[in-house]
Trainee: 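Handing you this structure, nothing more for now.
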Amino acid sequence: MSSDKPLLSESQSFSAPRPHPKPHHRRRSSLNITSLGSLCHTGSISSLVADDTQDNNSYDLKELEEDFAPLEGKAVSRNLLERPTFRPTRKEFWSEELHEQCPPRERKRLVSWGGGMELRQDIKPLEVSGAPSPGASSQLQNLDKAQPPQRSERFLQISMQLEDNIAHHDNPRLIHINDSKKTNDKFEFSGNEIRTSKYTLLTFLPKNLFIQFHRVAYLYFLAIAALNQLPPLAVFGRTASLLPLLFVLTVTAVKDGYEDWRRHRSDRNENNREAQVLQSDEFRPKRWKKIQAGEVIKISSDETIPCDMVLLGTSDPNGIAYIQTMNLDGESNLKTRYARQETNKLVLEGITISGVIRCEQPNRNIYEFMANIELKGQRLPLSQSNIILRGCQLKNTDWAIGVVVYAGQETKAMLNSAMSPSKRSRLETYMNRETLWLSVFLLIMCLVVALGMGLWLKRHVTQLDTLPYYRKIYFQQGKQGKKYKYYGIPMETFFSFLSSIIVFQIMIPISLYITMELVRLGQSYFMIGDRHMYDTSSNSRFQCRSLNINEDLGQIRYVFSDKTGTLTENKMEFKKASIWGRSYNGTPFMAGSSRDTDGGVEDAMEDRRKWKLKSAITRDSELRKLLYRDLYGEERIAAHDFFLALAACNTVIPILTENPSSGYDSTLPDSHITIDYQGESPDEQALVSAASCYGYTLFERTSGHIVIDANGETLRLDVLGLHEFDSVRKRMSVIVRFPNGTIKVLVKGADTSMLSILKKEQTSDDRIRNATHDHLNEYSSEGLRTLVIAARDLSGDQLVEWQRMYEDASTSLTDRSVKLRQTAAIIECNLTLLGATAIEDKLQEGVPEAIESLREAGIKVWVLTGDKQETAISIGLSCRLLTADMHQIIINGNSENECRKLLCDAKAKYHVTSASCFNQTKKWKKNAEIDNLEIPINVKSSNMTQRHQGREDGHTFVPLALIIDGNSLVYILEKDLESEARILFDLATSCMVVLCCRAAPLQKAGIVDLIKCRTDDMTLAIGDGANDVSMIQMADVGVGICGQEGRQAVMASDFAMGQFRFLKRLLLVHGHWNYQRIGYLILYNFYRNAVFVMMLFWYILCTGFSTTSALTDWSSVFYTILYTSVPTIVVGILDKNLSDKTLLKYPKLYAAGYRHESYNMPLFWMTMVDTLWQSLVLFYVPLFTFRESTIDIWSMGSLWTIAVVILVNVHLAMDIQRWVYITHIATWGSIVVTYGCMVVLDSIPVFPNYGTIYHLVKSPPYWLSIFLITVIGLLPRFIFKVFHQIFWPSDIQIAREAEILRKRRWSFGPKADQVSS
């Protein structure tokens, strides 16, 4: 940003005779994270710290300006630009623009931790431009000195996104209104056509192949196929060698092509939609893809916005437009946008508008827009409140007219269309490790064959002309035929090595990749269809948004959960209030003496009721009496101001519906109006609804005033200014002028920020303050969300001073947010305490039971919330996260030294040992599993030791709970406090529960990163709002809740569901099944391919190391693609070692997942030993059976083919836990299919194995060989399984036996149960 040409000049202000500005109002989420996970740079990330009532939502600043007189009787002309000349009556006015400034990029590190700006007040403000002040530079250098080595790359990427989206103010974009040619004279702006597809007809094949060959295994098989095309190395048929790779590539390409075709279809439908564009002084339909920047567009109600456009005018005289941003961020609540009064007036009068808009270059930040418009020599500022983004819908507004500033791929929605970061399965990582070992085995076998061939050739070098396989001349029908190509012993040895690689290529199972994808797809289908995870309240079913980490659900060790909207319903209900030092506990009005004594008051109150809320609220009888009596004391005035503040200090939009009175409600007049409040924050909706319930009904909101029905009297308040909520101030304030000229400042905010700015002039102030403080503690201990309400009168001089500073701050391009906070501090002081509110956010159904089951499963549940400490503790107790026997470790440090001292003291007090040593960590984790994962008596494993009564150091074990606030996290998680982070890790992992209060979004991600970087345990993060996106993307598995805060979390997650309680079934049931299935699938595929390769290896050793094969080329190809693939897929999708009822009844069985019982290195080596034995049996039994026969080599190959297929399928059948008819068909049907294919192949005369199967089936040794191979090959495995299950049973095996016995007992009927009981 150049200092000489700012976008919004600080000097471009307007004068007015009477400066009494009226604001525009808009709410937006405080989350600077886009719907698809892009972290925007607007504001400061510290503003993401939530207070008790705002729930991570903040208020956006709006423009304050002189309101124009209503334009009555003027109709909007059909052609808004019919009048050729511009002759407005020049009317000067005073205008201010409230617009939040982007944070300085040099402060990124402090800002990223939320509380940095509040705690580091000694840091000077920094410039937004690329030239920081010297002090800022030095501070930045100090911050960047030591980066902790444990900090993950993903976390650094999330943090660095803060400075990726800095607006380019030094090169503004010029938009000429209604002149697209002049706007894009250099053809530098993109059109409005969008493309979300990856491929075209020309690029599909090369681009798709390039993407697929990013897998190293595919390159390996491509090299194998290429080698087989060389004549000296042509072991298999050239076509047959290409078939496996072509099959995998084709299947993947078809899938990718279908998905991209759907994208093309969606893009085509989107681009061919039509909008009304101003052409030749008329609005005519024009396709979206042909819209250009600079064109003027007219949008009607319920239509979708085709591009990012600045509002010029709306059907509302005040220039208000209501929009719904569901397509952009998933939020269904209405939001307000405004046209500037200068342009709106011209639009309503039908006057031609011509001017230039200077705006920032396209960027991802959907919550920030900085621009100005030059209109007749005047420069007017534009902000986010003046722009409507592509994808939004116009609601409750007849029409809106705007000018295009960003089109097509340059719109903010398209710039934010990046997908969530891809995650890789932990088992797939382990699989690559075992694949490396298989590669070593492959190289060893190839070296053995090559070395053996070289030695054999050296030994028989003089006999090569006569020996089989190596003779130089091939004799055919007694005649001398063509000569073999002989390259000498060194080259023959090298060619033998390469040929061996070709023969043994399936040692690396290429089919495993496609098999795993199909199995995961099938698993996802059944997870989505699980009716137990269907949420009827939101009509949402379970979603699998990532298909490559299903098995990770069975290995979770840490669950990081948001509180509001995740554990709770995020449906706020006003419960209690403290007014003027007196608490009102929501006692409902009861018929009886109170009505008898105060019937006149109640009747008068009911007579005044004109409004009916859409949602009913229970009212406190005592508070109602106080409000409706004609009292003039301090308490009555305080109560009046209290509810006025609730009704006025917000950005809620009232939606009115007039309905005739229904017969059942006789208290309402003949005609009443139903009010539905629309707001981005459920907290605000609850407070405004409560104010209406007690007689203070907000029923009109415009750009410059609000209208409240105060106990039947209409009260019109001019809104002079609005200071949004931010995490530094932690409060919101509004300046209003009453009809009698009185000016008041109404403030609401968190108690931590409000109690310090109250006036302390009288003794009564201290009494009220102390009483209110006690009430706040009482409400917080009950799990209620608290908010403090205060007010003050403002004099004329104070208002003028504030207006002057406010004008300078709101139009400043540098440190605007800092200047606005300084301006707010002028009026947010010496406040009169009115009271406090308490809102209940109820727990979701089944949350306590779900958390208890997760803890029994050995999963550590950590809650990361923005609420205050008392509220979080209360919720923790109510959801059974905290228990009475836990020792609470509270870390509330206000400095680095204090945090360090608290951590060290807690570590010493509870004898927490350091986990820096790897062996100590493993030992501690093993003890922790024994301590926390004790199996019940009826299902305890015989090899499981009893629970330790104490640690090795002799100290008694006590359950610990760590409670830490966001301020402490600022110091501990800073990069220069790595030692404190290590202490925090040791302390946190020693605790059963961790509660992080007042945590900002990046602090949540930092906590997840703390665990990921220091342990091998898998993490899961679950949340419902945009403030949880960073945490969800940081964790190994991210789960989004379809809640009240939009769909940002869902769109950034790997899995999504409607309620937190479904997490219990997702992990304990589906996670367990998926892990067990995929783990066995990988080991079985390794075994299946290795036994086939080892059989070929023994054959080559007995044939002079010649790399010839007794099997046909097609048999080798079909082995992994057709003969044995289907049973593997079916078992991987349908097999269940335990029923869902058993897994839910005994959550501790889940521990088998993170203990890696289904897939580990010992199991791999045991599988390889078993493979070695079975391959020896497979090769030598037929040789022994047919040792005295004249069977030819192709007949022997047919025998080996069917024998290996039967062997591996019976091996699979021994391990199947749940037999259904599909499993029987797949397992035994594959053997039938193998026989059928062999019959077909042996019936083709051109093949060398022609007719072999017909002779073999008539031979008894043939069937005897198959029987002996199956029995002898699997006998050691069977014996080992029997002994292991009898003497060393696992918890899974014990639970399965109990399940089988229970089913058998049930089969005898209820009488048997009665006898046994």
Side-chain angles (χ1 to χ4, degrees), residues 50-57 533 535 537-538 540 556 558-573 575 682-683 780-785 839-857 859-883 886 961-963 992-999 1001 1004 1007-1008 1019-1029 1031-1032 1035 1037-1046 1049-1050 1053 1055-1068:
D51 74 321
D52 299 277
T53 59
Q54 299 306 324
D55 187 31
N56 295 325
N57 287 311
M533 293 195 297
D535 183 28
S537 60
S538 61
S540 61
I556 301 300
Y558 289 88
V559 169
F560 301 91
S561 173
D562 180 37
K563 185 188 76 66
T564 304
T566 304
L567 301 180
T568 61
E569 294 181 351
N570 200 18
K571 295 180 180 178
M572 311 302 175
E573 182 179 352
K575 281 295 185 182
D683 300 81
S780 298
S781 63
E782 298 175 8
L784 302 178
R785 300 160 63 86
I839 301 176
E840 181 183 20
D841 188 8
K842 294 182 179 179
L843 283 176
Q844 292 182 12
E845 178 185 355
V847 167
E849 294 79 7
I851 290 180
E852 188 174 9
S853 296
L854 293 178
R855 288 181 55 188
E856 289 181 11
I859 300 174
K860 294 190 175 184
V861 181
W862 292 16
V863 174
L864 314 178
T865 178
D867 282 336
K868 63 185 302 183
Q869 178 179 301
E870 294 79 2
T871 303
I873 292 176
S874 176
I875 293 295
L877 291 171
S878 61
C879 68
R880 302 181 192 173
L881 186 67
L882 297 174
T883 57
M886 285 185 179
L962 176 64
I963 301 166
M992 298 181 64
V993 175
V994 175
L995 279 178
C996 296
C997 314
R998 302 290 194 186
K1004 295 181 180 182
I1007 290 294
V1008 177
T1019 59
L1020 180 147
I1022 179 170
D1024 71 316
N1027 60 325
D1028 303 315
V1029 169
M1031 174 178 68
I1032 287 174
V1037 178
V1039 178
I1041 298 290
C1042 306
Q1044 304 292 321
E1045 296 188 12
V1050 171
S1053 64
F1055 305 94
M1057 53 191 179
Q1059 296 284 326
F1060 179 86
R1061 69 177 186 271
F1062 299 150
L1063 186 64
K1064 172 183 175 181
R1065 184 173 183 85
L1066 177 64
L1067 297 184
L1068 302 188

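The model shown is predicted, which means the values in this text are computed figures rather than measured ones.
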Trainee: To the nearest 0.5 Å, how far apart are NZ in K575 and CG in D841?
Mentor: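 Separation between the atoms: 12.0 Å.
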
Trainee: Taking side-chain contact (heavy atoms from CB on, under 4.5 Å) as the criterion, tell me which of L864, I875, L882, L962 meets it with L995.
Mentor: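 One option only clears the test, and that one is L882.
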
Trainee: Do M992 and L881 come close enough that some side-chain heavy atom pair is under 4.5 Å?
Mentor: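 In short, these two side chains do not touch, never coming nearer than 4.5 Å.
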
Trainee: Nearest heavy-atom pair of I1022 and M1031: which atoms, and what distance?
Mentor: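 Nearest heavy atoms, I1022 then M1031: O-CE, 3.7 Å.
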
Trainee: List the atom of M1057, the atom of V1039, and the distance in Å for their closest heavy-atom pair.
Mentor: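 Heavy atoms of M1057 and V1039 come nearest at CE-CG1, 3.6 Å.
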
Trainee: Evaluate side-chain contact (heavy atoms from CB on, under 4.5 Å) for V1029 paired with I1032, printing each intermediate quantity in order.
Mentor: CA-CA 5 Å; V1029 169; I1032 287 174; 5.6 Å; no

Trainee: Quick check for you: to the nearest 0.5 Å, what is the distance between D1024 atom CG and I1041 atom CD1?
Mentor: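 Spacing of CG (D1024) from CD1 (I1041) equals 7.0 Å.
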
Trainee: To check you understand the geometry: which heavy-atom pair defines the closest contact between I963 and C997, and what is its length?
Mentor: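 Taking every non-hydrogen atom into account, CG2-SG, 4.1 Å.
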
Trainee: Run the side-chain contact (heavy atoms from CB on, under 4.5 Å) test on R785 and S780 for me, step by step, so that the C-alpha distance in whole Å, both residues' side-chain angles and the decisive distance to 0.1 Å come before the verdict.
Mentor: CA-CA 7 Å; R785 300 160 63 86; S780 298; over 6 Å; no

Trainee: Taking CD in E849 as the centre, count heavy atoms belonging to other residues, nucleotides or ligands within less than 6.0 Å. Is the count above 12?
Mentor: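 More than 12 within 6.0 Å, yes.
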
Trainee: If every non-hydrogen atom of C879 is compared with every non-hydrogen atom of V847, which pair is closest and at what distance?
Mentor: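 Shortest heavy-atom separation between C879 and V847 comes out as CB-CG1, 3.9 Å.
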
Trainee: Just jot down the ring pair (Phe, Tyr, Trp, His ring centres under 6.0 Å) partners of F560, sequence neighbours excluded, or say none.
Mentor: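 If we apply the ring pair (Phe, Tyr, Trp, His ring centres under 6.0 Å) test to F560, skipping adjacent residues, the hits are W862.
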
Trainee: Side-chain contact, heavy-atom cut-off 4.5 Å: K1004 with D1028?
Mentor: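 They are in side-chain contact.
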
Trainee: Where do L1067 and L1020 land on the side-chain contact (heavy atoms from CB on, under 4.5 Å) test, with the steps shown first?
Mentor: CA-CA 10 Å; L1067 297 184; L1020 180 147; 3.9 Å; yes

Trainee: What is the distance from atom CE of M886 to atom CG of L877, rounded to the nearest 0.5 Å?
Mentor: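 The CE atom of M886 sits 9.5 Å away from the CG atom of L877.
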
Trainee: Please tell me if the side chains of L854 and L1063 come closer than 4.5 Å, counting only heavy atoms from C-beta onward.
Mentor: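 A side-chain contact under 4.5 Å exists here.
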
Trainee: Would you please test K842 and E569 for salt bridge (charged side-chain N to carboxylate O under 4.0 Å, His left out) and show each step?
Mentor: CA-CA 6 Å; K842 294 182 179 179; E569 294 181 351; over 6 Å; no

Trainee: Which atom names give the shortest non-hydrogen contact between S1053 and F1055, and what distance separates them?
Mentor: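 It is OG-O, 3.0 Å.
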
Trainee: Before accepting this row, confirm whether a basic side-chain N of the pair E852/R880 lies closer than 4.0 Å to the acidic partner's carboxylate O.
Mentor: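 A salt bridge is present here (some side-chain N lies under 4.0 Å from a carboxylate O).
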
Trainee: If we check side-chain contact (heavy atoms from CB on, under 4.5 Å) with F1060, which of these qualifies: D562, L843, T568, L567?
Mentor: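 It is L567, the one option of D562, L843, T568, L567 that forms the side-chain contact (heavy atoms from CB on, under 4.5 Å) with F1060.
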
Trainee: Measuring from atom CD1 of I859 to atom OG of S853, what distance do you get when rounded to the nearest 0.5 angstrom?
Mentor: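 Here the interatomic distance stands at 9.5 Å.
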
Trainee: Hey, does E840 have a side-chain heavy atom less than 4.5 Å from the side chain of M572?
Mentor: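 No, every pair of side-chain atoms sits at 4.5 Å or beyond.
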
Trainee: Between Q1059 (side chain) and Q844 (backbone), is there a donor-acceptor pair under 3.5 Å?
Mentor: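 Flag not set: sc Q1059 to bb Q844 has no pair under 3.5 Å.
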
Trainee: Would D535 and S540 count as a side-chain contact (heavy atoms from CB on, under 4.5 Å) if you check the C-alpha gap in whole Å, the side-chain angles of each, and the deciding distance to 0.1 Å?
Mentor: CA-CA 5 Å; D535 183 28; S540 61; 3.8 Å; yes

Trainee: Can you find a heavy atom in the side chain of C996 that is under 4.5 Å from one in the side chain of V994?
Mentor: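 Result yes, sub-4.5 Å side-chain heavy-atom pair found.
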
